[in-house]
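Residue numbers start from 1 in every chain, and the chains themselves are labelled A, B, ... in the order their sequence lines are given, proteins ahead of strands.
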Protein chains: 2
Amino acid sequence: MARDLQERIKKLIIDRRLPSGASLPTEPELMELLGVSRNSVREALKALQAMGIVEIRHGFGTYVGPMSMAPMIEGLTFRTVAGHYRGEDSLLQLLELREAVETGLIARLAGRVPEADLAELDALVDRMDAEAATDGAVSPGTDRAFHATLYRGLGNPLLGEVMEAFWDAFHRVRTDLVAIPHDPKVTGLQHREIVDAVRSGDPLRAERAIREHFGDIRTRLSTPASNPTGTPTGTP
Amino acid sequence: MARDLQERIKKLIIDRRLPSGASLPTEPELMELLGVSRNSVREALKALQAMGIVEIRHGFGTYVGPMSMAPMIEGLTFRTVAGHYRGEDSLLQLLELREAVETGLIARLAGRVPEADLAELDALVDRMDAEAATDGAVSPGTDRAFHATLYRGLGNPLLGEVMEAFWDAFHRVRTDLVAIPHDPKVTGLQHREIVDAVRSGDPLRAERAIREHFGDIRTRLSTPASNPTGTPTGTP
DNA sequence: AGAGTCAGCTGCTCTAACCAACTGAGCTAG
DNA sequence: CTAGCTCAGTTGGTTAGAGCAGCTGACTCT
(Lines give C-alpha, C1' and ligand atoms only; values in the text may rest on other atoms or scores of the structure.)
Protein backbone atom coordinates (compact mmCIF):
# COMPACT_ATOMS: atom_id res chain seq x y z
CA MET A 1 0.00 0.00 0.00
CA ALA A 2 2.84 2.38 0.79
CA ARG A 3 4.18 1.63 -2.66
CA ASP A 4 0.81 2.46 -4.07
CA LEU A 5 0.76 5.77 -2.23
CA GLN A 6 3.98 6.86 -3.85
CA GLU A 7 2.57 5.96 -7.23
CA ARG A 8 -0.53 8.02 -6.58
CA ILE A 9 1.50 11.07 -5.65
CA LYS A 10 3.65 10.65 -8.74
CA LYS A 11 0.50 10.30 -10.78
CA LEU A 12 -0.77 13.50 -9.25
CA ILE A 13 2.34 15.33 -10.41
CA ILE A 14 2.08 13.90 -13.90
CA ASP A 15 -1.65 14.50 -14.21
CA ARG A 16 -1.44 18.10 -13.13
CA ARG A 17 1.60 18.65 -15.36
CA LEU A 18 3.44 20.13 -12.41
CA PRO A 19 6.86 21.50 -13.38
CA SER A 20 9.92 21.38 -11.16
CA GLY A 21 9.48 23.80 -8.30
CA ALA A 22 5.69 23.78 -8.33
CA SER A 23 4.14 23.45 -4.92
CA LEU A 24 2.40 20.24 -3.90
CA PRO A 25 -0.60 20.01 -1.61
CA THR A 26 0.20 20.32 2.09
CA GLU A 27 0.35 17.23 4.26
CA PRO A 28 -3.18 17.69 5.64
CA GLU A 29 -4.47 18.19 2.12
CA LEU A 30 -2.74 15.05 0.92
CA MET A 31 -4.20 13.16 3.87
CA GLU A 32 -7.69 14.01 2.78
CA LEU A 33 -6.93 13.72 -0.93
CA LEU A 34 -5.47 10.24 -0.62
CA GLY A 35 -7.54 9.08 2.33
CA VAL A 36 -4.63 7.96 4.48
CA SER A 37 -3.10 9.09 7.72
CA ARG A 38 -0.55 11.79 7.98
CA ASN A 39 2.14 9.31 8.86
CA SER A 40 1.69 7.36 5.67
CA VAL A 41 1.70 10.54 3.63
CA ARG A 42 4.95 11.55 5.23
CA GLU A 43 6.60 8.18 4.63
CA ALA A 44 5.62 8.28 0.99
CA LEU A 45 6.96 11.82 0.66
CA LYS A 46 10.21 10.80 2.35
CA ALA A 47 10.69 8.04 -0.17
CA LEU A 48 9.92 10.36 -3.07
CA GLN A 49 12.30 12.90 -1.61
CA ALA A 50 15.02 10.25 -1.54
CA MET A 51 14.40 9.71 -5.24
CA GLY A 52 14.59 13.43 -5.91
CA ILE A 53 11.01 13.58 -7.09
CA VAL A 54 9.81 15.95 -4.40
CA GLU A 55 11.57 18.52 -2.29
CA ILE A 56 10.50 19.27 1.27
CA ARG A 57 11.18 22.60 2.92
CA HIS A 58 10.49 22.79 6.63
CA GLY A 59 7.94 25.43 7.51
CA PHE A 60 7.37 26.30 3.90
CA GLY A 61 5.87 23.49 1.92
CA THR A 62 6.45 20.54 -0.36
CA TYR A 63 7.50 21.05 -3.94
CA VAL A 64 8.17 19.10 -7.09
CA GLY A 65 11.85 18.27 -7.02
CA PRO A 66 14.51 19.24 -9.51
CA MET A 67 14.62 15.63 -10.74
CA SER A 68 18.36 15.77 -10.67
CA MET A 69 20.67 12.81 -10.49
CA ALA A 70 21.57 13.62 -6.88
CA PRO A 71 19.85 10.53 -5.41
CA MET A 72 21.74 8.34 -7.82
CA ILE A 73 24.97 9.82 -6.52
CA GLU A 74 23.97 8.88 -2.99
CA GLY A 75 23.16 5.33 -3.91
CA LEU A 76 26.19 4.87 -6.10
CA THR A 77 28.49 6.31 -3.47
CA PHE A 78 27.16 4.06 -0.76
CA ARG A 79 27.27 1.04 -2.97
CA THR A 80 30.86 1.73 -3.88
CA VAL A 81 31.96 2.40 -0.32
CA ALA A 82 30.24 -0.72 0.96
CA GLY A 83 31.76 -2.79 -1.83
CA HIS A 84 35.18 -1.39 -1.12
CA TYR A 85 35.02 -2.47 2.50
CA ARG A 86 34.00 -5.92 1.40
CA GLY A 87 37.16 -6.18 -0.63
CA GLU A 88 35.64 -5.60 -4.06
CA ASP A 89 37.26 -3.34 -6.62
CA SER A 90 34.14 -1.22 -6.69
CA LEU A 91 36.02 2.03 -7.10
CA LEU A 92 37.76 0.68 -10.19
CA GLN A 93 34.42 -0.41 -11.58
CA LEU A 94 33.10 3.09 -11.07
CA LEU A 95 36.11 4.54 -12.85
CA GLU A 96 35.57 2.18 -15.77
CA LEU A 97 31.99 3.33 -15.95
CA ARG A 98 33.10 6.93 -16.22
CA GLU A 99 35.68 6.01 -18.82
CA ALA A 100 33.13 4.17 -20.91
CA VAL A 101 30.66 7.03 -20.91
CA GLU A 102 33.20 9.72 -21.58
CA THR A 103 34.96 7.88 -24.39
CA GLY A 104 31.59 7.22 -25.92
CA LEU A 105 30.77 10.91 -25.89
CA ILE A 106 34.03 12.62 -26.66
CA ALA A 107 34.04 11.47 -30.28
CA ARG A 108 30.70 13.08 -30.87
CA LEU A 109 31.97 16.23 -29.21
CA ALA A 110 35.10 16.68 -31.31
CA GLY A 111 34.93 19.85 -33.34
CA ARG A 112 31.51 20.72 -32.03
CA VAL A 113 32.35 22.61 -28.84
CA PRO A 114 31.52 26.33 -29.10
CA GLU A 115 34.49 28.70 -29.07
CA ALA A 116 33.30 30.24 -25.81
CA ASP A 117 33.42 26.88 -24.06
CA LEU A 118 36.85 26.15 -25.50
CA ALA A 119 38.13 29.42 -24.09
CA GLU A 120 36.65 28.52 -20.73
CA LEU A 121 38.33 25.13 -20.89
CA ASP A 122 41.66 26.82 -21.64
CA ALA A 123 41.18 29.02 -18.63
CA LEU A 124 40.38 26.01 -16.45
CA VAL A 125 43.54 24.21 -17.53
CA ASP A 126 45.50 27.38 -16.78
CA ARG A 127 43.98 27.39 -13.34
CA MET A 128 44.99 23.75 -12.90
CA ASP A 129 48.57 24.66 -13.67
CA ALA A 130 48.43 27.60 -11.30
CA GLU A 131 47.03 25.45 -8.52
CA ALA A 132 49.68 22.83 -9.19
CA ALA A 133 52.35 25.48 -8.78
CA THR A 134 51.01 27.05 -5.61
CA ASP A 135 49.24 24.22 -3.77
CA GLY A 136 51.02 21.28 -5.29
CA ALA A 137 47.71 19.74 -6.31
CA VAL A 138 44.76 20.43 -8.56
CA SER A 139 41.62 21.28 -6.63
CA PRO A 140 38.69 18.93 -7.17
CA GLY A 141 36.43 21.85 -8.05
CA THR A 142 38.57 22.78 -11.03
CA ASP A 143 38.61 19.24 -12.36
CA ARG A 144 34.87 18.97 -11.95
CA ALA A 145 34.31 22.29 -13.70
CA PHE A 146 36.46 21.08 -16.57
CA HIS A 147 34.40 17.98 -17.18
CA ALA A 148 31.13 19.85 -16.71
CA THR A 149 32.13 22.54 -19.21
CA LEU A 150 33.41 19.97 -21.69
CA TYR A 151 30.14 18.11 -21.90
CA ARG A 152 27.95 21.20 -21.83
CA GLY A 153 28.11 21.43 -25.60
CA LEU A 154 26.30 18.15 -26.06
CA GLY A 155 22.91 19.82 -26.08
CA ASN A 156 21.67 17.03 -23.87
CA PRO A 157 21.20 18.01 -20.22
CA LEU A 158 20.66 14.42 -19.15
CA LEU A 159 24.07 13.37 -20.42
CA GLY A 160 25.77 16.19 -18.60
CA GLU A 161 24.00 15.42 -15.37
CA VAL A 162 24.79 11.72 -15.50
CA MET A 163 28.39 12.53 -16.19
CA GLU A 164 28.58 14.90 -13.24
CA ALA A 165 26.82 12.35 -11.06
CA PHE A 166 29.42 9.72 -11.85
CA TRP A 167 32.16 12.24 -11.25
CA ASP A 168 30.71 13.22 -7.89
CA ALA A 169 30.27 9.66 -6.73
CA PHE A 170 33.79 8.75 -7.76
CA HIS A 171 35.28 11.79 -6.11
CA ARG A 172 33.39 11.32 -2.87
CA VAL A 173 34.53 7.74 -2.53
CA ARG A 174 38.06 8.63 -3.50
CA THR A 175 38.43 11.34 -0.90
CA ASP A 176 36.79 9.18 1.74
CA LEU A 177 38.74 6.03 1.15
CA VAL A 178 42.02 6.26 -0.64
CA ALA A 179 44.78 8.74 -1.12
CA ILE A 180 45.80 8.52 -4.74
CA PRO A 181 49.30 9.53 -5.68
CA HIS A 182 49.08 12.64 -7.76
CA ASP A 183 51.32 14.46 -10.20
CA PRO A 184 49.54 17.76 -10.86
CA LYS A 185 51.77 18.64 -13.81
CA VAL A 186 50.69 15.51 -15.67
CA THR A 187 47.09 16.29 -14.87
CA GLY A 188 47.40 19.71 -16.47
CA LEU A 189 49.05 18.31 -19.59
CA GLN A 190 46.43 15.63 -20.09
CA HIS A 191 43.56 18.06 -19.77
CA ARG A 192 45.21 20.43 -22.21
CA GLU A 193 45.57 17.61 -24.70
CA ILE A 194 41.87 16.86 -24.34
CA VAL A 195 40.97 20.46 -25.11
CA ASP A 196 43.34 20.61 -28.08
CA ALA A 197 42.04 17.32 -29.44
CA VAL A 198 38.45 18.45 -29.21
CA ARG A 199 39.35 21.79 -30.79
CA SER A 200 41.11 20.06 -33.67
CA GLY A 201 37.94 18.15 -34.46
CA ASP A 202 39.74 14.81 -34.62
CA PRO A 203 37.50 12.23 -32.93
CA LEU A 204 40.15 9.53 -32.67
CA ARG A 205 42.64 11.90 -31.11
CA ALA A 206 40.03 13.05 -28.63
CA GLU A 207 39.19 9.50 -27.72
CA ARG A 208 42.83 8.68 -27.26
CA ALA A 209 43.31 11.72 -25.02
CA ILE A 210 40.43 10.66 -22.80
CA ARG A 211 41.65 7.08 -22.61
CA GLU A 212 45.10 8.27 -21.64
CA HIS A 213 43.66 10.46 -18.92
CA PHE A 214 41.65 7.63 -17.45
CA GLY A 215 44.46 5.18 -17.92
CA ASP A 216 46.58 7.42 -15.74
CA ILE A 217 43.96 7.55 -13.00
CA ARG A 218 43.58 3.80 -13.22
CA THR A 219 47.29 3.27 -12.80
CA ARG A 220 47.36 5.47 -9.73
CA LEU A 221 44.34 3.63 -8.40
CA SER A 222 45.88 0.19 -8.86
CA THR A 223 48.74 0.96 -6.51
CA PRO A 224 46.88 2.89 -3.88
CA ALA A 225 48.45 4.27 -0.76
CA SER A 226 45.62 3.23 1.49
CA ASN A 227 44.17 6.07 3.44
CA PRO A 228 46.52 6.51 6.39
CA THR A 229 43.89 8.29 8.45
CA GLY A 230 41.98 5.05 8.52
CA THR A 231 38.46 4.29 7.50
CA PRO A 232 35.89 6.97 8.11
CA THR A 233 34.10 4.94 10.69
CA GLY A 234 36.92 3.18 12.43
CA THR A 235 39.38 0.75 10.97
CA PRO A 236 39.28 -2.80 12.26
CA MET B 1 17.92 15.57 11.78
CA ALA B 2 16.08 13.10 9.58
CA ARG B 3 18.98 13.36 7.17
CA ASP B 4 21.34 12.63 10.01
CA LEU B 5 19.34 9.56 10.95
CA GLN B 6 19.79 8.09 7.50
CA GLU B 7 23.50 8.72 7.71
CA ARG B 8 23.70 6.97 11.05
CA ILE B 9 21.96 3.90 9.72
CA LYS B 10 24.23 3.83 6.69
CA LYS B 11 27.20 4.19 9.00
CA LEU B 12 25.90 1.27 11.00
CA ILE B 13 25.87 -0.89 7.90
CA ILE B 14 29.37 0.16 6.95
CA ASP B 15 30.75 -0.21 10.47
CA ARG B 16 29.40 -3.68 10.92
CA ARG B 17 30.50 -4.69 7.42
CA LEU B 18 27.03 -5.97 6.74
CA PRO B 19 26.77 -7.66 3.34
CA SER B 20 23.72 -7.55 1.12
CA GLY B 21 20.96 -9.59 2.68
CA ALA B 22 22.20 -9.30 6.25
CA SER B 23 19.49 -8.50 8.73
CA LEU B 24 19.32 -5.10 10.35
CA PRO B 25 18.13 -4.41 13.89
CA THR B 26 14.35 -4.38 14.27
CA GLU B 27 12.49 -1.11 14.47
CA PRO B 28 12.25 -1.14 18.28
CA GLU B 29 15.95 -1.92 18.50
CA LEU B 30 16.78 0.94 16.17
CA MET B 31 14.57 3.22 18.27
CA GLU B 32 16.66 2.52 21.33
CA LEU B 33 19.94 2.39 19.43
CA LEU B 34 19.43 5.77 17.79
CA GLY B 35 17.40 7.36 20.55
CA VAL B 36 14.50 8.45 18.35
CA SER B 37 10.88 7.50 17.99
CA ARG B 38 9.67 4.66 15.87
CA ASN B 39 8.14 7.11 13.45
CA SER B 40 11.46 8.73 12.68
CA VAL B 41 13.14 5.36 12.33
CA ARG B 42 10.53 4.30 9.84
CA GLU B 43 10.83 7.47 7.77
CA ALA B 44 14.59 7.05 7.59
CA LEU B 45 14.20 3.41 6.57
CA LYS B 46 11.66 4.38 3.93
CA ALA B 47 14.11 6.82 2.42
CA LEU B 48 16.92 4.26 2.49
CA GLN B 49 14.59 1.73 0.93
CA ALA B 50 13.88 4.16 -1.88
CA MET B 51 17.62 4.36 -2.49
CA GLY B 52 17.90 0.58 -2.51
CA ILE B 53 20.15 0.57 0.54
CA VAL B 54 17.79 -1.41 2.74
CA GLU B 55 15.06 -3.87 1.99
CA ILE B 56 11.98 -4.15 4.18
CA ARG B 57 9.92 -7.32 4.38
CA HIS B 58 6.63 -7.08 6.16
CA GLY B 59 6.40 -9.38 9.14
CA PHE B 60 9.91 -10.60 8.66
CA GLY B 61 12.47 -7.90 9.20
CA THR B 62 14.68 -5.28 7.63
CA TYR B 63 17.71 -6.26 5.60
CA VAL B 64 20.61 -4.70 3.79
CA GLY B 65 19.44 -4.13 0.24
CA PRO B 66 20.89 -5.59 -2.94
CA MET B 67 22.28 -2.13 -3.82
CA SER B 68 21.00 -2.56 -7.32
CA MET B 69 20.32 0.21 -9.75
CA ALA B 70 16.58 -0.26 -9.40
CA PRO B 71 15.97 3.07 -7.65
CA MET B 72 17.82 4.84 -10.41
CA ILE B 73 15.45 3.28 -12.92
CA GLU B 74 12.51 4.65 -10.98
CA GLY B 75 13.93 8.13 -10.88
CA LEU B 76 15.02 8.14 -14.49
CA THR B 77 11.69 6.82 -15.68
CA PHE B 78 9.73 9.41 -13.78
CA ARG B 79 12.01 12.19 -14.87
CA THR B 80 11.69 11.16 -18.48
CA VAL B 81 7.94 10.77 -18.36
CA ALA B 82 7.51 14.12 -16.64
CA GLY B 83 9.81 15.79 -19.13
CA HIS B 84 7.95 14.23 -22.02
CA TYR B 85 4.66 15.68 -20.88
CA ARG B 86 6.27 19.07 -20.57
CA GLY B 87 7.20 18.91 -24.21
CA GLU B 88 10.88 18.10 -23.77
CA ASP B 89 12.63 15.48 -25.87
CA SER B 90 13.52 13.58 -22.74
CA LEU B 91 13.07 10.17 -24.32
CA LEU B 92 15.52 11.09 -27.06
CA GLN B 93 17.97 12.26 -24.41
CA LEU B 94 17.66 8.93 -22.68
CA LEU B 95 18.27 7.12 -25.94
CA GLU B 96 21.38 9.18 -26.56
CA LEU B 97 22.60 8.29 -23.12
CA ARG B 98 22.24 4.62 -23.90
CA GLU B 99 23.94 5.08 -27.24
CA ALA B 100 26.87 6.87 -25.65
CA VAL B 101 27.45 4.22 -23.04
CA GLU B 102 27.05 1.30 -25.38
CA THR B 103 29.28 2.71 -28.10
CA GLY B 104 31.86 3.47 -25.45
CA LEU B 105 31.82 -0.15 -24.32
CA ILE B 106 31.39 -2.13 -27.47
CA ALA B 107 34.89 -1.35 -28.70
CA ARG B 108 36.39 -2.80 -25.56
CA LEU B 109 34.17 -5.83 -25.95
CA ALA B 110 35.14 -6.69 -29.53
CA GLY B 111 36.87 -10.05 -29.70
CA ARG B 112 36.64 -10.55 -25.97
CA VAL B 113 33.24 -12.15 -25.60
CA PRO B 114 33.44 -15.80 -24.56
CA GLU B 115 32.32 -18.36 -27.13
CA ALA B 116 29.51 -19.47 -24.83
CA ASP B 117 28.06 -15.98 -24.73
CA LEU B 118 28.38 -15.63 -28.48
CA ALA B 119 26.41 -18.82 -28.94
CA GLU B 120 23.78 -17.50 -26.59
CA LEU B 121 23.62 -14.26 -28.54
CA ASP B 122 23.16 -16.22 -31.76
CA ALA B 123 20.29 -18.08 -30.16
CA LEU B 124 18.71 -14.83 -29.03
CA VAL B 125 18.86 -13.36 -32.52
CA ASP B 126 17.30 -16.55 -33.83
CA ARG B 127 14.54 -16.13 -31.32
CA MET B 128 14.06 -12.55 -32.48
CA ASP B 129 13.57 -13.76 -36.03
CA ALA B 130 11.17 -16.42 -34.87
CA GLU B 131 9.15 -13.90 -32.89
CA ALA B 132 9.14 -11.55 -35.85
CA ALA B 133 7.72 -14.32 -38.00
CA THR B 134 5.02 -15.45 -35.60
CA ASP B 135 4.05 -12.36 -33.62
CA GLY B 136 5.15 -9.68 -36.05
CA ALA B 137 7.27 -8.06 -33.37
CA VAL B 138 10.29 -8.78 -31.22
CA SER B 139 9.42 -9.23 -27.57
CA PRO B 140 11.03 -6.77 -25.19
CA GLY B 141 12.37 -9.59 -23.07
CA THR B 142 14.43 -10.96 -25.92
CA ASP B 143 15.93 -7.58 -26.71
CA ARG B 144 16.75 -7.02 -23.07
CA ALA B 145 18.34 -10.44 -22.76
CA PHE B 146 20.46 -9.68 -25.82
CA HIS B 147 21.92 -6.53 -24.33
CA ALA B 148 22.37 -8.12 -20.93
CA THR B 149 24.23 -11.09 -22.41
CA LEU B 150 26.34 -8.88 -24.64
CA TYR B 151 27.72 -6.83 -21.77
CA ARG B 152 28.12 -9.71 -19.38
CA GLY B 153 31.64 -10.34 -20.65
CA LEU B 154 32.88 -7.01 -19.39
CA GLY B 155 33.87 -8.41 -16.05
CA ASN B 156 32.39 -5.34 -14.45
CA PRO B 157 29.02 -5.94 -12.77
CA LEU B 158 28.42 -2.22 -12.29
CA LEU B 159 28.61 -1.56 -16.01
CA GLY B 160 26.16 -4.31 -16.77
CA GLU B 161 23.72 -3.08 -14.19
CA VAL B 162 23.85 0.51 -15.33
CA MET B 163 23.30 -0.62 -18.87
CA GLU B 164 20.29 -2.68 -17.91
CA ALA B 165 18.97 0.19 -15.82
CA PHE B 166 19.08 2.54 -18.78
CA TRP B 167 17.46 -0.09 -20.96
CA ASP B 168 14.67 -0.62 -18.45
CA ALA B 169 13.98 3.06 -18.01
CA PHE B 170 13.91 3.60 -21.75
CA HIS B 171 11.66 0.66 -22.36
CA ARG B 172 9.23 1.58 -19.62
CA VAL B 173 8.81 5.09 -20.94
CA ARG B 174 8.55 3.86 -24.48
CA THR B 175 5.78 1.42 -23.78
CA ASP B 176 3.95 3.95 -21.62
CA LEU B 177 4.14 6.89 -23.94
CA VAL B 178 4.77 6.28 -27.58
CA ALA B 179 4.08 3.64 -30.13
CA ILE B 180 7.21 3.35 -32.20
CA PRO B 181 6.94 2.01 -35.70
CA HIS B 182 8.74 -1.27 -35.81
CA ASP B 183 10.21 -3.47 -38.51
CA PRO B 184 11.14 -6.68 -36.73
CA LYS B 185 13.13 -8.01 -39.66
CA VAL B 186 15.48 -5.02 -39.53
CA THR B 187 15.82 -5.46 -35.79
CA GLY B 188 16.97 -9.03 -36.26
CA LEU B 189 19.48 -8.09 -38.93
CA GLN B 190 20.99 -5.30 -36.87
CA HIS B 191 21.43 -7.47 -33.83
CA ARG B 192 23.03 -10.20 -35.92
CA GLU B 193 25.48 -7.69 -37.30
CA ILE B 194 26.37 -6.65 -33.76
CA VAL B 195 27.12 -10.23 -32.81
CA ASP B 196 29.16 -10.82 -35.96
CA ALA B 197 31.11 -7.62 -35.47
CA VAL B 198 31.96 -8.49 -31.89
CA ARG B 199 32.90 -12.01 -32.91
CA SER B 200 35.18 -10.70 -35.64
CA GLY B 201 37.10 -8.69 -33.07
CA ASP B 202 36.93 -5.51 -35.14
CA PRO B 203 36.22 -2.63 -32.73
CA LEU B 204 35.33 -0.10 -35.43
CA ARG B 205 32.90 -2.47 -37.08
CA ALA B 206 31.29 -3.17 -33.73
CA GLU B 207 30.97 0.50 -33.00
CA ARG B 208 29.42 1.11 -36.39
CA ALA B 209 26.94 -1.71 -35.83
CA ILE B 210 25.84 -0.26 -32.52
CA ARG B 211 25.52 3.24 -33.95
CA GLU B 212 23.44 1.93 -36.80
CA HIS B 213 21.17 0.12 -34.40
CA PHE B 214 20.62 3.22 -32.30
CA GLY B 215 20.36 5.43 -35.35
CA ASP B 216 17.48 3.27 -36.46
CA ILE B 217 15.70 3.60 -33.13
CA ARG B 218 16.31 7.32 -33.19
CA THR B 219 14.76 7.63 -36.62
CA ARG B 220 11.69 5.76 -35.51
CA LEU B 221 11.53 7.94 -32.42
CA SER B 222 11.77 11.20 -34.35
CA THR B 223 8.57 10.52 -36.24
CA PRO B 224 6.58 9.03 -33.42
CA ALA B 225 2.98 8.05 -33.62
CA SER B 226 2.13 9.86 -30.41
CA ASN B 227 0.12 7.86 -27.97
CA PRO B 228 -3.42 8.39 -29.19
CA THR B 229 -4.93 7.66 -25.81
CA GLY B 230 -3.34 10.82 -24.51
CA THR B 231 -3.18 10.71 -20.76
CA PRO B 232 -0.39 8.79 -19.09
CA THR B 233 -2.62 7.39 -16.42
CA GLY B 234 -5.01 5.57 -18.66
CA THR B 235 -2.33 3.56 -20.37
CA PRO B 236 -0.99 0.58 -18.46
C1' DA C 1 8.54 55.18 7.09
C1' DG C 2 11.14 51.61 9.04
C1' DA C 3 12.13 47.84 12.13
C1' DG C 4 10.51 44.63 15.56
C1' DT C 5 6.88 41.42 16.90
C1' DC C 6 3.38 38.11 16.78
C1' DA C 7 -0.14 35.06 14.70
C1' DG C 8 -0.72 31.59 11.22
C1' DC C 9 0.75 28.43 8.26
C1' DT C 10 4.01 24.75 7.16
C1' DG C 11 6.58 20.54 8.07
C1' DC C 12 8.91 17.65 12.21
C1' DT C 13 8.86 14.58 16.17
C1' DC C 14 6.87 11.96 19.67
C1' DT C 15 3.59 8.72 22.08
C1' DA C 16 0.33 5.00 22.15
C1' DA C 17 -2.48 1.84 20.27
C1' DC C 18 -4.03 -1.49 16.98
C1' DC C 19 -3.73 -4.08 12.27
C1' DA C 20 -1.43 -7.36 9.04
C1' DA C 21 2.07 -10.55 7.44
C1' DC C 22 5.19 -14.00 8.41
C1' DT C 23 7.61 -17.69 11.28
C1' DG C 24 7.95 -21.57 14.00
C1' DA C 25 6.55 -24.44 17.80
C1' DG C 26 3.03 -27.33 19.18
C1' DC C 27 -1.06 -30.01 18.30
C1' DT C 28 -4.14 -33.01 15.86
C1' DA C 29 -5.45 -36.38 12.40
C1' DG C 30 -4.10 -40.00 9.47
C1' DC D 1 5.39 -41.73 13.51
C1' DT D 2 4.58 -38.34 10.13
C1' DA D 3 2.01 -34.84 7.57
C1' DG D 4 -0.63 -31.12 7.93
C1' DC D 5 -2.95 -27.56 10.60
C1' DT D 6 -3.45 -24.14 14.13
C1' DC D 7 -2.12 -20.62 17.04
C1' DA D 8 0.94 -17.61 19.56
C1' DG D 9 4.81 -14.50 19.06
C1' DT D 10 7.61 -11.39 16.38
C1' DT D 11 8.04 -7.92 12.92
C1' DG D 12 6.69 -4.37 9.98
C1' DG D 13 2.26 -1.31 8.54
C1' DT D 14 -1.20 2.10 9.76
C1' DT D 15 -3.81 5.26 12.42
C1' DA D 16 -4.67 8.97 15.84
C1' DG D 17 -3.67 12.95 18.53
C1' DA D 18 -0.62 16.10 20.62
C1' DG D 19 3.03 19.33 20.79
C1' DC D 20 7.59 21.33 18.69
C1' DA D 21 10.16 24.07 15.15
C1' DG D 22 10.93 26.92 11.07
C1' DC D 23 9.17 30.26 7.88
C1' DT D 24 6.09 34.13 6.16
C1' DG D 25 3.53 38.17 6.24
C1' DA D 26 0.75 41.45 8.37
C1' DC D 27 0.48 44.29 12.32
C1' DT D 28 2.27 47.47 15.66
C1' DC D 29 5.35 50.50 17.86
C1' DT D 30 9.06 53.85 17.50
Next item on the list: Could you tell me whether the phosphate oxygens of C/dG11, OP1 or OP2, come under 4.0 Å of any side-chain nitrogen or oxygen in A/Thr62?
Entry: yes

Margin query: Show me the pairs that pass salt bridge (Lys or Arg N to Asp or Glu O under 4.0 Å) and involve residues 65-77 of chain A, at least two apart or across chains.
Written below: A/Glu74-A/Arg172, A/Glu74-B/Lys10

Which atom pairs, donor and acceptor, lie under 3.5 Å between side-chain atoms of residues 60-68 of chain B and protein residues at least two apart or in another chain?
| residue | atom | partner | partner atom | Å |
| --- | --- | --- | --- | --- |
| B/Ser68 | OG | B/Ala70 | N | 3.1 |

Next item on the list: Take A/Arg98 and A/Met163 through the test side chain to side chain contact (heavy atoms under 4.5 Å, CB included) and record every step on the way to the result.
Entry: CA-CA 7 Å; A/Arg98 284 188 58 206; A/Met163 210 82 61; over 6 Å; no

Note to self: Closest-nucleotide mapping onto DNA chain C: is B/Glu43 or A/Gly61 further toward the 5' terminus? I mean the 5' end.
What the structure shows: A/Gly61

Checklist line | Partners passing salt bridge (Lys or Arg N to Asp or Glu O under 4.0 Å) against A/Arg86 (at least two apart in sequence or in another chain) | finding: A/Glu88

Notebook entry, point to check: Taking only residues two or more places apart in sequence or in another chain, which ones pass ring pair (Phe, Tyr, Trp, His ring centres under 6.0 Å) with A/Phe166?
Noted result: none

Next item on the list: Strictly below 4.0 Å, heavy-atom distances to any atom of DNA chain D: list the hits from residues 48-57 of chain B, or just say none.
Entry: B/Ile56, B/Arg57

Next item on the list: Summarise protein proximity over nucleotides 14-26 of chain C in one line of letters, 5' to 3': B for base, S for sugar-phosphate only, - for none, counting protein heavy atoms closer than 4.0 Å.
Entry: BB-B--BBBS---

Margin query: Are A/His191 and A/His147, when compared by the centres of their aromatic rings, separated by less than 6.0 Å?
Written below: yes

Checklist line | Nearest-angstrom distance from the residue atom CG of A/Asp4 to C1' of D/dG13 | finding: 14 Å

Next item on the list: Please report, rounded to the nearest Å, how far the P atom of D/dT15 is from the CZ atom of A/Arg42.
Entry: 15 Å

Check: Who are the side-chain hydrogen bond (donor to acceptor under 3.5 Å, both in side chains) partners of A/Thr142, not counting sequence neighbours?
Finding: A/Glu131, A/Ser139

Margin query: Restricting to salt bridge (Lys or Arg N to Asp or Glu O under 4.0 Å), what partner residues turn up for B/Arg42, sequence neighbours left out?
Written below: A/Glu43, B/Glu27

Next item on the list: Measure from CG on A/Leu45 to P on C/dT10 and round the result to the nearest Å.
Entry: 14 Å

Next item on the list: Go through the structure and list residues passing salt bridge (Lys or Arg N to Asp or Glu O under 4.0 Å) with B/Glu115, not counting sequence neighbours.
Entry: B/Arg199

Could you tabulate the donor-acceptor pairs under 3.5 Å formed by side-chain atoms of residues 47-55 of chain B, not counting sequence neighbours?
none

Item checked: Gap between atoms OH and C1', on A/Tyr63 and D/dT24 respectively (whole Å) -> 10 Å

Next item on the list: Could you state the atom-to-atom distance from CZ of A/Arg3 to P of D/dT14 in whole Å?
Entry: 13 Å

Next item on the list: Just jot down the salt bridge (Lys or Arg N to Asp or Glu O under 4.0 Å) partners of B/Arg152, sequence neighbours excluded, or say none.
Entry: B/Asp117, B/Glu120

Checklist line | Inter-axis angle, terminal five-pair segments of the helix from C/dA1-D/dT30 to C/dG30-D/dC1 [nearest 10°] | finding: 10°

